[in-house]
Amino acid sequence: MTTLDQPTATAPTPVTGGDRPVRRELGVANALSHGFLLLWGLLTVLPLLWMFISSFKTNGEILADPWGLPGALHLDNWARAWTGAHIGRYFLNSLVVVAGSVSLTMLMGATAAYVFARYEFRGRQVVYYLFVGGLMFPVFLALVPLFFVVRNAGLFNTWLGLILVYAAYSLPFTVFFLTAFFRSLPTSVAEAALVDGCGHFRLFFRVMLPMARPGLISVAIFNFLSHWNQFLLPQVLLQGDESKWMLAQGLFALSVSQGYAGDYARLFAGLSIAVLPVLAVYVAFQRQVQAGLTAGQLK
């Protein structure tokens, strides 16, 4: 009696190296992304480094060997730019105006954003979108009516007028960013504070603002950079009296005058003085900026 041979099941042989194409594609993508970031970093850092090195050269060294190192550190270029070109005065003017405008922007923006994020009232969405709608209008579109408004208010050629204009143009972004950040904060903490007898005023300043510190620091840094580098608004609203000029106006006047005079060393020194505060703020608060940008998504 014969029996039919039944087919026996064979275990599948493992396929080795099946994920190699995927890994190879990911490796190529990572290499391209890192290469692009490296190229972008070089395009950003090298001009700044060249400007900083040139600020310690003489005019002859800049013209004869623009890519070489200085034979000696000529610190007198910085002294001539700070005093002779009045960069020191413009630097202090910008520091005062930017400090006032950023403080006012953060106070009004944080207050408005907290109300939009935490309170229900009629017309809330309409008012919120009116704030956010300011992001769509470039500054130069409102220069002519803004000039007449500031002049008719008696604030033309004054630091107070410039501070108010800076704050007004920074409010849309500040409110937009901080509203989303306040919404991400835990509601249970605010409810517990209200149950314990904390009023709305104390709740905002003693509880919610400390919790929103990463977002506040991030927005404050963005506003600082925007106000510090602003050129168009001071050029329109501060005219005539050079003692009230901002740093951007002083650098523009210095670039025009020193370009004709051939004193490029003093020009590079003035530009380096203007860049140093921006670099210092970025280096000091880069971790806070990253934490503020991601905190709302992680909570």
Whether [X] and [Y] hold their rings parallel, tilted or perpendicular, with breakpoints at 30° and 60°:
X      : Y      : result
Phe222 : Phe173 : perpendicular
Tyr90  : Trp245 : tilted
Phe91  : Trp82  : tilted

Please name the pair of heavy atoms, one in [X] and one in [Y], separated by the smallest distance, quoted to 0.1 Å.
X      : Y      : value
Tyr114 : Met208 : CE1-CG, 3.5 Å
Leu178 : Ala113 : CB-CB, 3.5 Å
Leu75  : Phe56  : CD2-CE2, 3.4 Å
Ala212 : Phe182 : CB-CE2, 3.7 Å
Ala110 : Leu216 : CB-CD2, 4.1 Å
Glu61  : Gly71  : OE2-N, 3.2 Å

Using the rule that two of Ile, Leu, Val, Met, Phe, Trp, Tyr join whenever any of their side-chain heavy atoms come within less than 4.5 Å, decide whether [X] and [Y] are in one cluster.
X      : Y      : answer
Leu279 : Leu46  : no
Phe201 : Tyr119 : yes
Phe177 : Phe137 : no
Ile163 : Val149 : no
Val189 : Val195 : no

Is there a side-chain contact between [X] and [Y] in this structure, where contact means two heavy atoms from C-beta onward sitting under 4.5 Å apart?
X      : Y      : answer
Leu146 : Val236 : no
Leu194 : His200 : yes
Thr187 : Arg118 : yes
Leu251 : Ile87  : yes
Val96  : Leu92  : no
Val278 : Asn229 : yes
Leu162 : Gln230 : no
Pro234 : Tyr166 : yes

Donor-acceptor pair between Ser94 and Trp228 side chains, under 3.5 angstrom: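 No, Trp228 and Ser94 have no side-chain donor paired with an acceptor closer than 3.5 Å.
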Main-chain N/O of [Y] paired to [X] side chain as donor or acceptor, under 3.5 Å:
X      : Y      : value
Arg266 : Ala81  : no
Lys57  : Pro66  : yes
Ser255 : Phe252 : yes
Asn59  : Tyr264 : yes
Trp78  : Ser272 : no
Trp50  : Trp67  : no
Lys244 : Leu238 : no
Gln125 : Val127 : no
Ser101 : Val98  : yes
Glu242 : His86  : no

Side-chain heavy atoms under 4.5 Å apart, restricted to Ile/Leu/Val/Met/Phe/Trp/Tyr: what other residues fall into the cluster of Val45, or is it alone?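 Listed partners: none, Val45 stands alone.
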Could you list who else is in Ile53's hydrophobic cluster, with ILVMFWY side chains joined at under 4.5 Å, directly or through other members?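 Besides Ile53, the hydrophobic cluster comprises Leu49, Leu69, listed by chain and residue number.
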Start with the C-alpha gap between Ser55 and Asn77, add the side-chain angles, then the distance that decides, and say whether side-chain contact (heavy atoms from CB on, under 4.5 Å) holds. CA-CA 7 Å; Ser55 66; Asn77 296 333; 5.7 Å; no
Rounded to the nearest 0.5 Å, what separation is found between the [atom1] atom of [X] and the [atom2] atom of [Y]?
X      : Y      : atom1 : atom2 : value
Phe181 : Met211 : CZ    : CE    : 9.0 Å
Ser33  : Leu37  : OG    : CG    : 6.0 Å
Tyr129 : Phe116 : OH    : CZ    : 11.5 Å
Thr83  : Arg89  : OG1   : CZ    : 11.0 Å
Met246 : His227 : CE    : NE2   : 12.5 Å
Leu232 : Gln249 : CG    : CD    : 10.5 Å

For [X], does the [atom1] atom sit with more than 12 other heavy atoms under 6.0 Å from it, leaving out its own atoms?
X      : atom1 : value
Arg206 : CZ    : no
Phe121 : CZ    : yes
Phe204 : CZ    : yes

Can you check side-chain contact (heavy atoms from CB on, under 4.5 Å) on Phe148 and Val144, steps first, answer last? CA-CA 7 Å; Phe148 288 105; Val144 175; 3.7 Å; yes
Decide yes or no on side-chain contact (heavy atoms from CB on, under 4.5 Å) for Ile273 and Leu247, but give the supporting numbers first. CA-CA 10 Å; Ile273 293 174; Leu247 185 58; 5.7 Å; no
